[in-house]
Amino acid sequence: MSLQTLNPQQREAVLHTEGPLLLLAGAGSGKTGVVTHRIAHLVGTKGVAPEQVLAVTFTNKAAREMQERVARLVGPRQAAAITLSTFHSLCARILRSDIESLGYKRNFSIYGASDQQHLVRDLMAAIDADHGLNADHILWKISDAKNRLIAPDRLGPCMEGDVIGAMVRRVYPEYQKSLKSYNALDFDDLLMLTVRLFDEHPQVLERYQERFRYVMVDEYQDTNAAQFELVRRLAGKWCNLCVVGDDDQSIYGWRGAEPGNILDFERHFPGARVIRLEQNYRSTGNILAAANAVICQNQQRKEKRLWTAGDAGDKVSLVTCQDADDEARAVVERVHQNLLQRQMHYRDHAILLRTNAQTLVFEQELRLSRIPYVLIGGQQFFDRKEVRDAIAYLRFLVNPFDEVNLLRILNYPRRGIGRTTADLLIRSSVSMQRPLWQVMRDAGAVETISPKAAEAIAGFVNLVESYRKRYRTGGDLAAITRSLFDTVGIAEELRRAPESREQADRRVENVEEIVNAIARYMAREANPTLTGFLETVALLDRDEPGDNSKEKKLAQDAVVLMSLHSSKGLEFPQVFLPGCEEGFLPHKKSVSETYDVDEERRLFYVGVTRARTKLTLLHAQERKKYGKMEPRDRSRFIDEIPQELLRPECRDIMVSEACDEGGSLSAMFDRVMALKGN
DNA sequence: GTTGCGTTTATTTTT
DNA sequence: TAAACGCAAC
């Protein structure tokens, strides 16, 4: 794509380089091309030093993709000098160099969900042994406060009888205190502490402002309050800020994203230019018409109307099914048909679901029909227990204050430091006000500990110190890690578990995959360190490494099965949207609790606009729920699509069921008659 | 320290 | 209904 191939709005966006710019980029409007061209224009034509350009995305995939496309335009050397990263890794980088002024050490750990859970669970137990509250719920509220930059002492008063609020008020301060003493940051801290760093040390902010004269933010509709404040500060001096986004695709409000950031951009940055990209290069006219009709039901939005220079294409199919099984069969039949009659590939088909639980029926039906499929999402590689346990060793080796991970590995694999001993250690650490690790180093001094336990502790201490030394000396990180895992006997521990042989093998392989990941990290990094690797684990490669990565999965010739949320940004020739029913889409929680049906409508809109040539909506008339059948109504969103865009298809359940069971024609006929007789 | 049972919970999850 | 987790008893 060169400047001439851009449409007028795209070109205007590329050429507008000075001052604030809001780029409202509709679905499929060639957004990434515009953003990369804009960077190329800054660096290539206007002669801006690449070091002065900062582009922030939400996902590593987006950052990588952008980096590659910019490299194609301005060459790899220039592209590498541009700072192109996610919010979280940008903050991690800033904090790695400047966090000491906030009283943390530079080798801080980054805590993920499971570390946070451990910590919060322990704190809650210490406050009230049988509180009966859900730790995730509390953690959720804490995270919500942090996303809004609310410090522990600034929490508003809570209502009478609000047990959850009361617990949050007690846990949140303790939680922050623990993180600090463990020299650990959670994801929210990365953002919150960077903002604090900028506020308390203006000279640091100024350094970054001076460096990043041109700032770009992708998916701006998904930014939360902390990210907004961060951007506001970074771009505050030069105001060469370009934000790109689509308020109609804001689907992460439940995670703290503030669509208000994009809606109020012109108020936040006076004099902002607003450019709309409304020409769509992805979908057929009918699909876009349906999408427009639905989304314009939302009140709070920037008016936009997607259009295409292409054909109207097929109508949107609306398939009414009997139940969940029937719905899955309907999809499978259509996939088959497309393959046999239209020479399409499996990978041209995507099934987008509201909830992960919905995938089950589809998986069964696809397997039954021998259709290859890939499931995207679900449990992440680095969230698996065996992987977390192994990684915990590395994390503790890097940061001796990290007590969550110390406790995780203390007796894993079993080495004779049981609950009793651990409790004694913790108690003496608390009473002496010394870090747990220091207490362990001279555990002999704690008289209540048995000689046998003391010996086990000493062995563990030696192991840790000797590996700390080996890692410090440098050399092959992967080899040292392999030796570490062998020495502590992780594989043996996994095989001891009462699981099937295959399960255990899988887990052992996963642990070995960590070593491979380190090797790959070393190969691509100029200055590999264990800290650096752990940071990529925490922030970057959340996706499974190797052959199971999301990208590899999408490249296979297989039907794609995933949640609507994770489909954002992708496109497929054939899109199926099952479960278009009240209670699913909009989801019943959104209707009853927060009334944010608008976000559900945007979710539906995201699904619809993933389709290039054919969109098929499906809904079932009844569905099993927690064991019993319930009647279902079709989604209100279907009724918001003009009739003339839809092709309704009613399935004769009985014939299709009979066909599905196979057998001779006459047997089939008998079965149909028997069913009709009922 | 392990095992199994019983209780709980079922929306989405870029980092 | 089913899976996952915590707890308690062995």
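Chain naming here is simple, since letters A, B, ... match the order of the sequence lines and numbering starts at 1 in each.
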Closest listed nucleotide, where the reference is the side chain of [X] and the choices are [options]:
X: A:His88; options: B:dT15, B:dG1, B:dT12; answer: B:dT15
X: A:Thr86; options: C:dG6, B:dT13, B:dT15; answer: B:dT15
X: A:Tyr252; options: B:dT14, B:dT13, B:dT15; answer: B:dT14
X: A:Asp222; options: B:dT14, B:dT11, B:dT13; answer: B:dT14
X: A:Arg354; options: B:dT11, B:dT13, B:dT14; answer: B:dT11

Please report the distance, rounded to the nearest Å, between [atom1] in [X] and [atom2] in [N].
X: A:Arg93; N: B:dT15; atom1: CZ; atom2: C1'; value: 16 Å
X: A:Phe584; N: B:dA10; atom1: CZ; atom2: C1'; value: 11 Å
X: A:Lys624; N: C:dT1; atom1: NZ; atom2: P; value: 8 Å
X: A:Gln358; N: C:dA3; atom1: CD; atom2: P; value: 17 Å
X: A:Glu493; N: B:dG1; atom1: CD; atom2: P; value: 11 Å
X: A:Leu375; N: B:dT12; atom1: CG; atom2: C1'; value: 15 Å
X: A:Trp254; N: B:dT15; atom1: CH2; atom2: P; value: 12 Å
X: A:Met562; N: B:dT11; atom1: CE; atom2: C1'; value: 17 Å

For this session: Using salt bridge (charged side-chain N to carboxylate O under 4.0 Å, His left out) as the criterion, point out the one residue from A:Asp222, A:Asp248, A:Asp246 that pairs with A:Lys568.
Result: A:Asp222
For this session: With side chain to side chain contact (heavy atoms under 4.5 Å, CB included) as the test, would you mind laying out the steps for A:Phe87 and A:Thr223 before giving the verdict?
Result: CA-CA 10 Å; A:Phe87 271 106; A:Thr223 50; 3.9 Å; yes
For this session: Tell me which of A:Ile251 and A:Asn411 sits closer to the 5' end of DNA chain B, going by the nucleotide each one is nearest to.
Result: A:Asn411
Problem set entry | Contact nearer the 5' end of DNA chain B, comparing A:Gly416 with A:His565 | A:Gly416
For this session: May I ask you to check if A:Arg96 and A:Phe108 form a cation-pi contact, with NZ or CZ under 6.0 angstrom from the six-membered ring centre and within 45° of the axis?
Result: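 Satisfied, under 6.0 Å and within 45°.
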Distance check: side-chain N/O of [X] vs OP1/OP2 of [N], anything under 4.0 Å?
X: A:Ser563; N: B:dT13; result: yes
X: A:Asn356; N: B:dT12; result: yes
X: A:Arg121; N: C:dG6; result: yes
X: A:Asn60; N: B:dT14; result: no

Exercise. Between A:Glu327 and A:Arg623, is there a side-chain N and carboxylate O pair less than 4.0 Å apart?
Worked result: yes
Problem set entry | Residues A:Asp115 and A:Arg388 bridged, charged N to O under 4.0 Å | no
Problem set entry | Pairwise C1' distance for B:dT13 and C:dA2, with rounding to whole Å | 22 Å
For this session: Using the P atoms only, state how far C:dC5 lies from B:dT12, rounded to an integer number of Å.
Result: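 Per the computed distance, 15 Å lies between those P atoms.
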